Structure formats: structure tokens, C-alpha cells
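Owing to the predicted nature of the structure, the values given are computational and were not obtained by experimental measurement.
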Amino acid sequence: EQVPKELHALADRYWLHWHGAPGGYSGVALLLEKATFPEEPVFEIPALDFETRVALARTSRGTLAVVYLPNGGKDYAAKIRFLEALGPWVEEESAKGPFLLAGDMNVTRAAIDVHPSQQDESAMAQRPEERALFEAALARGGLTDLTRVKHPTDDRFFTWWPFWKGA
């Protein structure tokens, strides 16, 4: 009931899946264009999910997953637990066939992903422990960061920005 009517109106062109909780602060959505995915996908909430942060769609072309990784500011230990669980889950899902992982990861892979004025390895989303766990998860699934494939050295193409700093 929190999803705007305008988004529900997209149902004629998209397969829609909303995963959230009333009064919650997290949630994810998957919208798959019917022209690209003509067969209705199977939407699932994997066991990895907590706080309505993960959803996936199984299609004839592969599996697409969206993740809203915890920021860690309120509960850093929960973020680390999530990152530790992410690796085995990514490995399991990618072993089933083509797998795309997208979403708000709340981890920067490298300094190039952060504006120089915001680079700080002690800051949330930039800590070496977070980066190592995220890299391990990608490696376990044999995943590739498509942003850096397309923009490998563009130091003006940031994948993370601290909106709460008024930036």
C-alpha cells in the first residue's frame, strides 16, 4: 500500500514485485520488462533476506537479484553478518546459471568509487573489512562489476555518494 499508484500502473509493461514491510525503512522492488522477459518470472525471497532487503526473479534467461545491503551505521555487526552470508548465497545462485546481482550495496569496492573529498577508509562503506567481504562474495560467484567494465578508470564516475552529507 506504500507503493505509488503510478508504479502499479506499469503492470501492463512490467512484471512487478515489491518486497517491503509496513512502517519499515528498507524494501526492494523488481520490475522486469515483459518485452524482454515474456514469460512470467518466479519471484522469491531467499533465506539470506532480513529486513526486506533481498528479492530475486527466476526467468528463462537467468536469475536477477536485487539487494539493499545494510548501511551499518545503526548495526555494523549486522552488516558484517550479511556480507559474510552474501558470499555463499552468491556462489549458490550463480552455480545455477546466469546470475545478475544489482541494488544498493552500501560498500565501495575501491577508492575510485568515492569522490576524493569523501575518501576515508575508516568511514562506513569504505572500511577494508567491508570491501574484502564484498570482493569475496563477488569472487565466489564469479561476478563482474559491470560499472567498472564500462568505466574502468573514470575517476569521475562514482558508485557511492554520501547523500546525508548534503552532497
Could you walk me through whether T159 and R109 pass the side chain to side chain contact (heavy atoms under 4.5 Å, CB included) check?
CA-CA 9 Å; T159 62; R109 292 188 61 228; over 6 Å; no
Please determine whether residues L86 and V66 belong to a single hydrophobic cluster, defined as Ile, Leu, Val, Met, Phe, Trp and Tyr linked transitively by side-chain heavy-atom distances below 4.5 Å.
no
Side-chain donor/acceptor of T108 to backbone N/O of A125, under 3.5 Å
yes
Can you pull out every ring-ring contact (aromatic ring centres under 6.0 Å, His included) where at least one residue sits in residues 51-82? Sequence neighbours excluded, please.
F50-F82
When rounded to the nearest 0.5 Å, the distance separating OG1 of T153 from CD1 of I112 is 6.0 Å
Looking at every non-hydrogen atom in both residues, tell me the closest pair between P46 and A55 and how far apart they are.
CD-CA, 4.3 Å
For the atom pair CD (Q118) and CG (D113), what is the distance rounded to the nearest 0.5 Å?
14.0 Å
Taking the side chain as every heavy atom from C-beta outward, state whether E130 and N106 have any atom pair closer than 4.5 Å.
no
Separation between CZ (F158) and NE2 (H151), nearest 0.5 Å, reads 12.5 Å
Answer yes if L100 and W89 sit in the same cluster of Ile, Leu, Val, Met, Phe, Trp and Tyr residues linked by side chain heavy atoms under 4.5 Å apart, and no otherwise.
no
Any link between L31 and V3 through a network of hydrophobic side chains (Ile, Leu, Val, Met, Phe, Trp, Tyr) touching at under 4.5 Å?
yes
Distance-only, no hydrogens or angles: does the K34 side chain make a donor-acceptor pair with backbone N or O of A11 under 3.5 Å?
yes
Same cluster or not: are L7 and L32 linked, directly or through other Ile, Leu, Val, Met, Phe, Trp or Tyr residues, by side-chain heavy atoms under 4.5 angstrom apart?
no
Go through E84 and L133 one step at a time and tell me if the side chain to side chain contact (heavy atoms under 4.5 Å, CB included) criterion holds.
CA-CA 6 Å; E84 289 170 342; L133 287 168; 3.9 Å; yes
Can you tell me how far the CD atom of E129 sits from the CD atom of E121, to the nearest 0.5 Å?
12.5 Å
Smallest separation among heavy atoms of V90 and G141, with atom names:
CG1-CA, 3.6 Å
Of all residues at least two apart in sequence or in a different chain, which pass the ring-ring contact (aromatic ring centres under 6.0 Å, His included) check with F43?
H17
Is the closest side-chain heavy-atom distance between L64 and F37 below 4.5 Å?
yes
Could you tell me which non-hydrogen atom of V107 sits nearest to which non-hydrogen atom of F134, and how far apart they are?
CG1-CB, 3.9 Å
Step by step, work out the salt bridge (Lys or Arg N to Asp or Glu O under 4.0 Å) result for E93 and R140.
CA-CA 10 Å; E93 289 299 332; R140 285 184 75 156; over 6 Å; no
Locate the shortest heavy-atom distance separating F99 from A65; write the atom from each residue and the value.
CE1-CB, 3.8 Å
Heavy-atom pair of closest approach, residues D75 and R81:
OD2-NH2, 4.2 Å
Euclidean distance, L101 CG relative to L56 CG, rounded to 0.5 Å
10.5 Å
Note, P98 side chain near R61 side chain (heavy atom, < 4.5 Å)
no
If I compare all heavy atoms of R148 with all of D154, which pair ends up nearest, and what's the gap?
NH1-O, 3.3 Å
Nearest 0.5 Å, what's the CG-NE2 distance between D155 and H115?
9.0 Å
Please walk me through it: do R13 and E33 pass side chain to side chain contact (heavy atoms under 4.5 Å, CB included)?
CA-CA 6 Å; R13 289 186 42 220; E33 190 174 34; 3.8 Å; yes
In one Ile/Leu/Val/Met/Phe/Trp/Tyr side-chain cluster, 4.5 Å: W18, Y25:
no
Could you tell me whether the side chain of R127 and the main chain of S122 form a donor-acceptor pair under 3.5 Å?
yes
Output yes when a side-chain donor or acceptor of K79 lies under 3.5 Å from a complementary backbone atom of M124, and no otherwise.
no
Trace of the side chain to side chain contact (heavy atoms under 4.5 Å, CB included) decision for L69 with R53
CA-CA 7 Å; L69 203 84; R53 292 181 175 277; 5.9 Å; no
Does NZ belonging to K96 count more than 12 external heavy atoms closer than 6.0 Å?
yes
